[in-house]
Amino acid sequence: MKKVFLIAIIGLFLGGCSLKEDVAELYLQEQPLHTEVVLPDTITSQEQVPIKVILTQDGKKVEEIDSVEFEMWKHDDYLHATIEKPDKLEEGIYGINKTFDRDGLYYIKIHASKGGAIIIPQVQIVVGELSKSELEYLQKDVREKEEGHDHHH
């Protein structure tokens, strides 16, 4: 009798552990933000440059965003990074007009969030002509990536 009772109890525990068919739907479906940074083909210092970001989620332009900022700096001068709040240009598109005061290698990091989804992509841009040290920096970075890639077999 004890064995029958024990088997019944074990059966109840195991039955409670079975997976439900719709278990995936019970959890919040992640819908990450995606960005596309739009820049002119060539950028010259001392001229106003439009910088835009297109924010999409689940394949559609984001109607309302919780926050969006552009962080920008020259590659060798992160201490003087600036953060600018872009204007909403249209549904899902935000932008600024930026004047870079000198030629060089710059970075733009987009900080965007909506409903718990956060994205912080970074793009590298060239303004005017690169200096010798900036060219060497880029070549060193490419070599390190190539060498690092060769070691992964």
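We use all heavy atoms of the structure for the numbers below, so side chains are in, but hydrogens, waters and symmetry mates are not.
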Engineer: Looking at side-chain heavy atoms only, is the closest gap between Lys52 and Leu89 below 4.5 Å?
Structural biologist: yes
Engineer: Please evaluate residues Tyr106 and Trp73 with respect to the criterion side chain to side chain contact (heavy atoms under 4.5 Å, CB included), reporting the C-alpha separation (whole Å), side-chain torsions for both, the decisive distance (0.1 Å), and the verdict.
Structural biologist: CA-CA 6 Å; Tyr106 288 82; Trp73 68 94; over 6 Å; no
Engineer: Could I get the full list of side chain to side chain donor-acceptor pair (under 3.5 Å) partners for Asp77, not counting sequence neighbours?
Structural biologist: His80
Engineer: Would you say Lys60 has more than 12 foreign heavy atoms packed within less than 6.0 Å of its NZ?
Structural biologist: no
Engineer: Residues two or more places apart in sequence or in another chain: which of them pass side chain to side chain contact (heavy atoms under 4.5 Å, CB included) with Asn97?
Structural biologist: Gln48, Pro50
Engineer: Heavy atoms, side chains only, cut-off 4.5 Å: are Thr35 and Ile54 in contact?
Structural biologist: no
Engineer: If you apply the rule salt bridge (charged side-chain N to carboxylate O under 4.0 Å, His left out), what do you find for Glu134 with Lys74, and how did you get there?
Structural biologist: CA-CA 10 Å; Glu134 289 169 329; Lys74 196 161 185 314; 2.7 Å; yes
Engineer: Heavy atoms, side chains only, cut-off 4.5 Å: are Val53 and Pro86 in contact?
Structural biologist: no
Engineer: Let me confirm one number: the CD1-CD distance from Ile96 to Glu69, rounded to the nearest 0.5 Å.
Structural biologist: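 Nearest 0.5 Å value for the CD1-CD distance: 11.5 Å.
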Engineer: Would you give the length of the straight line joining atom OG of Ser131 to atom CG of Leu105, rounded to the nearest 0.5 angstrom?
Structural biologist: 8.5 Å
Engineer: Is there a continuous path of hydrophobic side-chain contacts, each under 4.5 Å between heavy atoms, that joins Val127 to Tyr78?
Structural biologist: no
Engineer: For His75, check ring pair (Phe, Tyr, Trp, His ring centres under 6.0 Å) against everything at least two apart and list the hits.
Structural biologist: Tyr137
Engineer: In residues 108-125, what donor-acceptor pairs under 3.5 Å come from side-chain atoms, sequence neighbours left out?
Structural biologist:
residue : atom : partner : partner atom : Å
His111  : NE2  : Glu71   : OE1          : 2.8
Ser113  : OG   : Ser67   : OG           : 3.0
Gln124  : NE2  : Tyr107  : OH           : 2.8

Engineer: Without placing hydrogens or testing angles, list every side-chain donor-acceptor pair under 3.5 Å for residues 37-47, not counting sequence neighbours.
Structural biologist:
residue : atom : partner : partner atom : Å
Ser45   : OG   : Asp103  : OD1          : 2.7
Gln46   : NE2  : Asp101  : O            : 2.3

Engineer: With Glu64, which residues qualify under salt bridge (Lys or Arg N to Asp or Glu O under 4.0 Å), at least two apart?
Structural biologist: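 Glu64: salt bridge (Lys or Arg N to Asp or Glu O under 4.0 Å) contacts with Lys88.
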Engineer: Taking side chain as C-beta onward, heavy atoms only, is Ile83 less than 4.5 Å from Phe70?
Structural biologist: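 A side-chain contact is absent here, since even the closest heavy-atom pair is not under 4.5 Å.
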Engineer: Taking the side chain as everything from C-beta on, heavy atoms only, tell me whether Glu84 gets closer than 4.5 Å to Lys98.
Structural biologist: yes
Engineer: Can you tell if the side chain of Ile65 reaches within under 4.5 Å of the side chain of Leu55, non-hydrogen atoms only?
Structural biologist: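 They are in side-chain contact.
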